[in-house]
Amino acid sequence: MGRIKRYILMLKLIYRGGYAKADYLKKIHYFKHQGEHCYFQPYNFGTEPELISFGNNVHVASKVMFINHDITSLMFEYMDDNEYEERYGSITIGDNVFIGANSTILYDVHIGNNVIVGAGSLVNKDIPDGVI
C-alpha cells in the first residue's frame, strides 16, 4: 500500500469508533482474516496488515502495536557490509481475545482462544488457549 493511501486510510479510521473501525477494515479486506464482532481502538496496524489474522470477538484496546517484521538486518548490513535477510512473520489471534492498552504483539506469534493480554504486555511467543 502506498504511503499516501495509508495516510488516507488512517484519517478515515482515526475518528471512527472501535466497532465501526473493525467493520470498515473487514469490508475492505485489510487483514489476512478477520472474524465477526471485532473492536479495534488502534488505527495503525503496522506495515504488513496482510500478515495479521483475527478470530471472532476480538477486542483490541488503544495504542496496541502489531510488529510483523524485524529490521535489525538493516543495521547489521551497515555495520559490517554483509547482506542479511529481513525477517517477517504472521500474527494470528484466536476467538474471544482481549488485548490491553499499550501492548506490543511481535511476529510469528499465535494467541489462542479465550485469552486476555494485560495492558502493557510484550507478546513475543505463542499464548495457548484459556490464558490470562
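- Side-chain contact of Arg87 with Tyr107: a donor-acceptor pair under 3.5 Å is present, judged by distance alone.
- When all heavy atoms of Asp108 and Asp126 are compared, the closest pair comes out as O-OD1, 3.8 Å.
- Counting all heavy atoms, side chain and backbone alike, Lys21 lies closest to Phe40 at CD-O, 3.2 Å.
- Atom CD1 of Ile111 sits about 13.0 Å away from atom NZ of Lys125, to the nearest 0.5 Å.
- Tested against Cys38, the residues Val58, Val60, Val97 include a single side-chain contact (heavy atoms from CB on, under 4.5 Å) partner, Val58.
- Among all heavy-atom pairs drawn from Ser121 and Gly118, the shortest one is OG-O, 2.6 Å.
- Summarising the geometry, atom CZ belonging to Arg16 is positioned 11.5 Å from atom CG belonging to Leu11; distances are rounded to the nearest 0.5 Å.
- Contact of the His59 side chain with the His37 side chain is registered, since non-hydrogen atoms from C-beta on lie closer than 4.5 Å.
- Rounded to the nearest 0.5 Å, atoms CD1 (Ile8) and NZ (Lys12) are 7.0 Å apart.
- Between Ile91 and Ile67, the shortest heavy-atom distance links the atoms CD1-O, 3.9 Å.
- Taking each heavy atom of Ala101 and Ala61 in turn, the nearest pair found is N-CB, 3.4 Å.
- In this structure, Val115 and Asp129 have side chains that are not in contact, with every pair of non-hydrogen atoms separated by 4.5 Å or more.
- Counting non-hydrogen atoms of other residues, nucleotides and ligands closer than 6.0 Å to CE of Met10 gives a total above 12.
- Remark: Ile71 CD1 is loosely packed, at most 12 non-hydrogen atoms of other residues, nucleotides or ligands lying under 6.0 Å away.
- The side chain to side chain donor-acceptor pair (under 3.5 Å) analysis of residues 88-105, with sequence neighbours excluded, yields the pairs Asn57-Asn96, Glu86-Tyr88, Asn96-Asn114.
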Could you please spell out the steps behind the side chain to side chain contact (heavy atoms under 4.5 Å, CB included) verdict for Asn82 and Glu77? CA-CA 5 Å; Asn82 288 317; Glu77 285 176 3; over 6 Å; no
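- Note that CG of Asn56 and CD of Gln34 are 10.0 Å apart. Values are rounded to the nearest 0.5 Å.
- Note on residues 33-54: pairs passing salt bridge (Lys or Arg N to Asp or Glu O under 4.0 Å), not counting sequence neighbours, are Lys26-Glu36.
- In this pair, Tyr84 and Phe76 present their aromatic rings tilted. The plane angle is within the 30 to 60° band.
- Just one of Ile93, Asn44, Val123 meets the side-chain contact (heavy atoms from CB on, under 4.5 Å) condition when paired with Phe66; it is Ile93.
- Using a 4.5 Å cut-off between side-chain heavy atoms of Ile, Leu, Val, Met, Phe, Trp and Tyr, with links allowed through other members, Leu25 and Tyr15 fall into the same hydrophobic cluster.
- A donor-acceptor contact shorter than 3.5 Å links the side chain of Asn68 to the backbone of Gly89.
- By the 30° and 60° cut-offs, the orientation of the rings of Phe54 relative to Phe31 is perpendicular.
- Following chains of ILVMFWY side-chain contacts shorter than 4.5 Å, one can reach Leu13 starting from Tyr30, so the two form part of one hydrophobic cluster.
- Note that NE2 of His110 and OG of Ser53 are 10.0 Å apart. Values are rounded to the nearest 0.5 Å.
- The two residues Val64 and Gly100 make their nearest non-hydrogen contact at CG2-O, 3.3 Å.
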Taking it one step at a time, do Ile28 and Leu9 satisfy side chain to side chain contact (heavy atoms under 4.5 Å, CB included)? CA-CA 11 Å; Ile28 66 170; Leu9 175 67; 3.8 Å; yes
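- Other members of the hydrophobic cluster containing Ile116, listed by chain and number, are Phe98, Ile132; membership follows side-chain contacts under 4.5 Å among ILVMFWY residues, whether direct or relayed.
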